[in-house]
Structures are given as structure tokens and as C-alpha cells.
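Some notes on the structure that comes next.
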Amino acid sequence: MATAAITAERENYLNQEYGIKSWLLTVDHKRIALLYLLSITFFFFIGGFFALLIRLELLTPAGDLVQADTYNKLFSMHGQVMIFFFLIPSIPAVLGNFLVPLMIGAKDLAFPRINLLSWYLYIIAGVLMVHCMLTGGVDTGWTFYTPFSTAFSNTKVIEAGLAIFISGFSSILTGLNFVVTIHRMRAPGMTWDRLPLFIWAHYATSIIQLLGTPVVAVTLVLVVLERALHLGIFDPTRGGDPLLFQHLFWFYSHPAVYIMILPSMGVVTEIIPCFCRKRIFGYKFVALSSISIAVFGFLVWAHHMFVAGISLYAALIFSALSYLVAVPSAIKVFNWTATMYKGSITFSTPMLYAFGFVGLFTMGGLTGLFLAALGLDVHVTDTYFVVAHFHYIMVGGALMGYLGGMHFWWPKISGRMYPESLGRLAALIVFLGFNLTFFPQFILGYLGMPRRYWQYPPEFQVLNVLSTAGATVLAVGYLLPMVYFLWSMRYGKVAPDNPWGASGLEWMTTSPPPTFNFDQPPVVNWEAYDYEHIPAPQEARSGG
Amino acid sequence: MSEHVVSAKTYIAVWLTLLVLTGVTAGVAFINLGPFNTIVALVIATFKALLVVLIFMHVKYTSEKMVKVVVVSAVFFLLLLLGLSLADYTTRLL
Ligand SMILES: [Cu+2]
């Protein structure tokens, strides 16, 4: 094809070298990003497969498709795979890896070899996890609560724990790399107040990865030690305290939600100004709200333990602090909306995902406030209300942002355009399918359907059928982009350097970028999101 | 970033101190000090951690402000973990 010939002439990171070795031993952040993309997509489909089985089981009130024990394993491994092997690495390790150096005008991350090491650690952890799943799996929930995990469960707790322990190091190394890169490798003129807000979001995320992940890693080691050597740490019959586990676990695992959502917020903050042709409203507030979400996120963990037996005084403190996190989150939502106000908005695919993100994140966030309220939490603890809430944040928020970002930067990553009308269709399907899946779960939970049961009273069936139907729609919405992304790599239109007329250094190099990102080291002498001075591309505006 | 060179002697001295202190911790565990059991163990452990951070991790020799910020924030977040957990443990009725 003629188009293929044109791209072949331009040297870029994809055609610089060929062969499996040039990929497995690469230290190029862009290639490592693609390695991560392949691996997390693999785990996304494993996690999605478990989700589908869960929804099929819940189609009928009776526990008829799988045994109760199998069901326990399904939701446990769905959670572990989706959280530790998909959502945590998703945006940072793929889009962050690809974009952080490009956006600040650097040749690569500060430690390219450590970057590759982080991928190998992820793969080792992933192989261990797959082995664990194939040889029996684990049934503790993704939360590994003691004393069940250390004294009672007869599944592969140790193996799953070690897999997540190792994947934690991959996450720490990514965070470390970003912090050092953002401090040390910015191009001349790229001051802190000119950084794209995507970078601020990743900086905040990295802080959590660095400070939080070691705690969950140590906690899992303690679980393994208690289970294997019968040390008395969490087991009350040996002088331990089971709530200590929950304190340590949630110290990481509440902020872990922000590891998933902050990068998504960063993506949305890039998309919205671009498709509104306006400078972001309140740059400094958006930047600092990322940092405050990261810090406040560490102060609220015991809201997961209100009915577990912590003291009332502690519960009061943690409830009040939980409300505090709503402030920076709301600042972001208001600033995004203010940016849209009187903007000339284009409803392109990435923008549709951004709209979806803002709406669904707001619903997820507000229902989080219900759960932070001490009285209401007693009623909805461990019900489907909680399940719906965190899926609005993690799927409606984090995953929507990831898909929006994949569409926004796909031309830069692959050098090809995806089919715009199919893209919009998929975004619509995802949005409808998502709401159909998870909105009924709010009602189910409020009516009292507990989570983690494989059968339920018949009066809950209608809402459960709706939810399962939604999951099927959602699956179509996820498969579609994968198909047309792959299709576009061969048949898509060749992408120009800056198809959206976007600001940001990543758009000033070729698509796809050369191995060292820029032919000339860039010098920045303009403010971020300078959309008054960037012409909008006609093609993108008419919708292609 | 100038690299400060630490002599092998210092490293070995620190290593031996760490080994001795590990022995002391183990030894003290056999003596019943009542409420001081935990306190003594923690004091020794903190001292060992300080040796590792200051000398093995070169924090003592750095002039970089950033390194100090990193160390201080790590300690700060550890205190958050302990402090807010104690908000529960010190006020629990059961
Ligand atoms: Cu939480």
C-alpha cells in the first residue's frame, strides 16, 4: 500500500529495529509502554472473563452455574487481576510511560533500564498469578482479610500474595522513575507551572506508589508468614489483632484508588481543553488538587472498617477526614466544567469519554460520601451499593479515562488514525453498557442484597438480569476499540503530527516519534494549554 | 551530584554493629522486662534503621535538599500510619 510506503520512509521508534530481541531488551520508554499495553490487555481479558462468569451466575437467583466455592474464587481473582494487574499499571505504565518524557521534552525516562526491569517484574508476578489461577486459585477476596486468609482458607493464598507482592515492586519502580524524571529531565523553559496537568497527575500518583505500596507489600509478607509459620500477628488466638491487618491493608488500598483515578483525571484534563479550544480553567488549582488528593488519600483508610469494630472516636475522625477528600475532587470537576463553559466543543471520541468520565466519576464520588457517613454506612456496608460505588470510580472513572487517553494518543503511538465514527459508537456503547450494568447495583445494594454471595432472593432478579445484560453490552464496547485499533495499524489513515490541534510537546514531534523523541531538543517559552494561539484542525472538527 | 566515597572500614563497622544489635534483640527477648519488652526492641530497631539510612543509603553525606525531603516525607507518612492507627487502638472500648 502507498500509505505504508510513506511511513516506512520516516524513521521512528517502531521501525528503528525489528525482531523479538529488539523489543524484549529495549530500553526505549515508548516500546516498554507497548510491552505493558500488550500485557495489561491480556490481564484485562482474564479479569473480564471472570466478571462475565460472575454476571452469568447472578442471572438467576439460584446458585446453579458454579459451586459456591468456585464463585468465591471468581470474584476474588476478578478483583486481584483487575486491580493489581490491570488498573494500577494501566494509565501510568502505558500512557504515562509513553508520554511523560515526550510531554516534558526529554529523550527518555531517567532510568531506562529500571523501566524495563519494572516490566519484567510485572511479567514474573503475572506468570505467578496465572499459575496460581490455573492450579486452584484463591478465595479470600481481593482484600485478603485475616484471620480467614491466614488460618482458614485452603486455597493458594501464599502464591497470590507473593504475585501481588512482586507486582508491587514493578509499581514502585515506575513511580520512582516518574518522580526523578519530572524533577530532573524537563526541557529548558518547562517550569513547574508550565507542566501539562497530566504530568502533575502522574507526579501525585507516583508519590502514592512510592509511599503506599511498600506498606501493602509488607502486609502481604506478614500474611504469608502467619499462614506459613503461624506467627501471631493478626490471629487473635495467638495474640494478634485481625483489625491490624485491615489498618495496614487499607493504608495502601484506599490511596490505591487514587493510583487508578489520578492518572485518568490527568488524561481528561488534557482532552477537555483540546476539544473545547480553551485554556484550562484554574491551572494551579487543578495541579494542586492532584497533590492534595494524594496526601489526603492517606488520611481516610479506616472508612472501610466502620462496622469492623474500630473505636467510635476513630470512626468519627476517619469519617470527617473522608469528607475532606471530596474538596479537591470537586475542585477538579468544577474546573473541567468551567473549561467547557463557552468553549467551542467538538464531540470527538476522546471528548465523549471525557464527558463520560466527568459524569460517572461525579456519581461514584458522591456515593462515596454516602459511604463515608457513619450512619448510612452501617446500612450499606458489604452490599451491592459498595460494589456499584467503586465500579463507578474504577470502571466509570479510571477505565473511561484510559480509553479516552488511548484514543487521544493513538495517532501518536501508532502513527495511524482510528475510524472516528466507530470510535464514537464504541464510546456510546461503553457509556450505556456501563450504566446498565452498575446503576441497578446501587438499588440492589440499598434494598439489602449483600455482595460476594452466589445466590439471592427471587425479588432481586429483575435488577440482576438488567445488570447482566449491561455487562454483555459493555463487553461489546470494550472489544470494538481493540478490533479497530488493530485494524487501524494496517489500514488506518496515516496520522499527521498533530491531528487534534493539541498543545503539548508530544504533538510537536512526528507521529510516531523517533527513538529519542525530538530531532531538536525543545525549548519552551509558552504557557500550557495555550489554545488561543493554536489553530484548530479543520479535519478533526468536521468529524472525519 | 557528587559521589561521596565511604571507606570499606566504615561499612564493615556498621555491618558488625547491626549484627551485634540483632543478637542483643534476640538476647533481650529471653529476659522479661514487662512493658519495656516492646520499647527496648523498638529502640534497638530504630537505631539500626538509622544506621542503614544514614550510612548505607548515604543520606548523611548528601547535600541534596531533595534527598532530605524524600526521607522526611517517608518518615512523616510512617507517623501518619502509626498515629491514625493509634487513634483507634488507644480509644477502643473492647
Ligand atoms: Cu476508601
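Note that the coordinates shown come from a computational prediction; the quantities given were computed from them, not determined experimentally.
- Here the CG-CH2 distance, from L81(B) to W301(A), works out to 5.5 Å after rounding to the nearest 0.5 Å.
- Among all heavy-atom pairs drawn from F251(A) and F77(B), the shortest one is CZ-O, 3.7 Å.
- Atom NE2 of H247(A) is separated from atom CG of L84(B) by 9.5 Å, given to the nearest 0.5 angstrom.
- For chain B, no part of I207(A) is nearby; none of its heavy atoms comes within less than 4.5 Å.
- The heavy-atom pair separating A87(B) from S311(A) by the smallest distance is O-OG, 3.8 Å.
- For chain B, the nearby parts of I310(A) are the backbone and the side chain; heavy atoms of each come within less than 4.5 Å.
- For L210(A), no part lies under 4.5 angstrom from a heavy atom of chain B.
- W192(A) CH2: more than 12 foreign heavy atoms inside a 6.0 Å radius.
- K107(A) NZ: 12 or fewer foreign heavy atoms inside a 6.0 Å radius.
- At most 12 non-hydrogen atoms from other residues, nucleotides or ligands lie less than 6.0 angstrom from CZ of F76(B).
- Looking at L243(A), both its backbone and its side chain come within 4.5 Å of chain B, counting heavy atoms on both sides.
- With no hydrogens or angles considered, a side-chain donor-acceptor pair links Y89(B) and D241(A) at under 3.5 Å.
- Summarising the local packing, CE of M66(B) is surrounded by more than 12 heavy atoms from other residues, nucleotides or ligands at distances under 6.0 Å.
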